[in-house]
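Just so it is clear, the values below take in all heavy atoms, side chains as well, and ignore hydrogens, waters and symmetry mates. For clarity, every value in this text was computed on a predicted model and none was experimentally measured.
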Amino acid sequence: QVHLVESGGGLVQAGGSLRLSCAVSGGIFSIDAMAWYRQAPGKQRELVAEFPSVGRPNYADSVEGRFTISRDSAINTVYLQMNSLKPEDTAVYYCYADGLRTYDSGAYQHYWGQGTQLTVSS
């Protein structure tokens, strides 16, 4: 069974930094793309950063220059380094894996993590 587990959320002051991690388990053969989304209360879930299978990572305009997505394919883990945090970054952050294949199945599937809370105080 495939699981995505996020960690690293918490409380930080404005201007601070934090790193989120997402580890994927469940006999993973390959993953095409991984991404981070976030959702604030009363708002829609939005894409924060994406690490595609080809090409360069891309970011939402609101986090460009402050956040960095990275990926370690050897351990099926994606990270989000967040610097110069602002109160408007406060949200639940979700990990997403697309085009995932397991050793048990060659079918391409996608999965969501359970989310981790980030709160930035002013």
Problem set entry | Residues Tyr111, Leu4; criterion side chain to side chain contact (heavy atoms under 4.5 Å, CB included); working and verdict | CA-CA 7 Å; Tyr111 295 90; Leu4 281 68; 3.5 Å; yes
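- The minimum heavy-atom distance linking Ala14 with Ser122 is given by the pair CB-CA, 4.3 Å.
- Remark: Ser17 OG to Leu85 CG distance equals 6.0 Å, nearest 0.5 Å.
- Rounding to the nearest 0.5 Å gives a distance of 10.0 Å between CG of Leu100 and OG of Ser105.
- Between the CZ atom of Phe51 and the CG atom of Leu80 there is a distance of 12.5 Å, given to the nearest 0.5 Å.
- Here the shortest heavy-atom pairing between Gly99 and Tyr108 reads O-CD2, 3.6 Å.
- Checking Glu6 against Gln114 by side-chain atom types alone, a donor-acceptor pair falls below 3.5 Å.
- For Pro57 against Ile69, the heavy-atom pair with the smallest separation is CB-CG2, 3.5 Å.
- Nearest heavy-atom pair across Trp36 and Ser21 is CH2-O, 3.7 Å.
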For this session: Apply the test side chain to side chain contact (heavy atoms under 4.5 Å, CB included) to residues Leu18 and Leu118: give CA-CA distance (whole Å), side-chain angles for both, the deciding distance (0.1 Å), then the verdict.
Result: CA-CA 9 Å; Leu18 208 65; Leu118 169 68; 3.6 Å; yes
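- In this structure, Arg38 and Ser62 approach most closely via the heavy-atom pair NH2-OG, 3.3 Å.
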For this session: Go through Lys86 and Arg66 one step at a time and tell me if the side chain to side chain contact (heavy atoms under 4.5 Å, CB included) criterion holds.
Result: CA-CA 10 Å; Lys86 305 175 180 180; Arg66 299 188 297 119; 3.9 Å; yes
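- When all heavy atoms of Met34 and Cys95 are compared, the pair lying nearest together is CE-SG, 4.1 Å.
- One finds the OG1 atom of Thr77 at 8.5 Å from the CD1 atom of Ile31 (value rounded to the nearest 0.5 Å).
- Between the CD atom in Gln117 and the OH atom in Tyr93 there is a gap of 9.5 Å [rounded to 0.5 Å].
- Arg71 forms no cation-pi arrangement with Tyr79, by the criterion of a distance under 6.0 Å to the ring centre and an angle within 45° of the ring axis.
- Here OG of Ser25 is found 12.0 Å from CD1 of Ile75. Values are rounded to the nearest 0.5 Å.
- Hydrophobic cluster of Tyr96: the remaining members, joined at side-chain heavy-atom separations below 4.5 Å, are Tyr37, Leu47, Val92, Tyr94, Trp112, listed by chain and number.
- Under the side-chain contact (heavy atoms from CB on, under 4.5 Å) test applied with Phe67, the options Asp89, Asn83, Leu20 reduce to a single match, Asp89.
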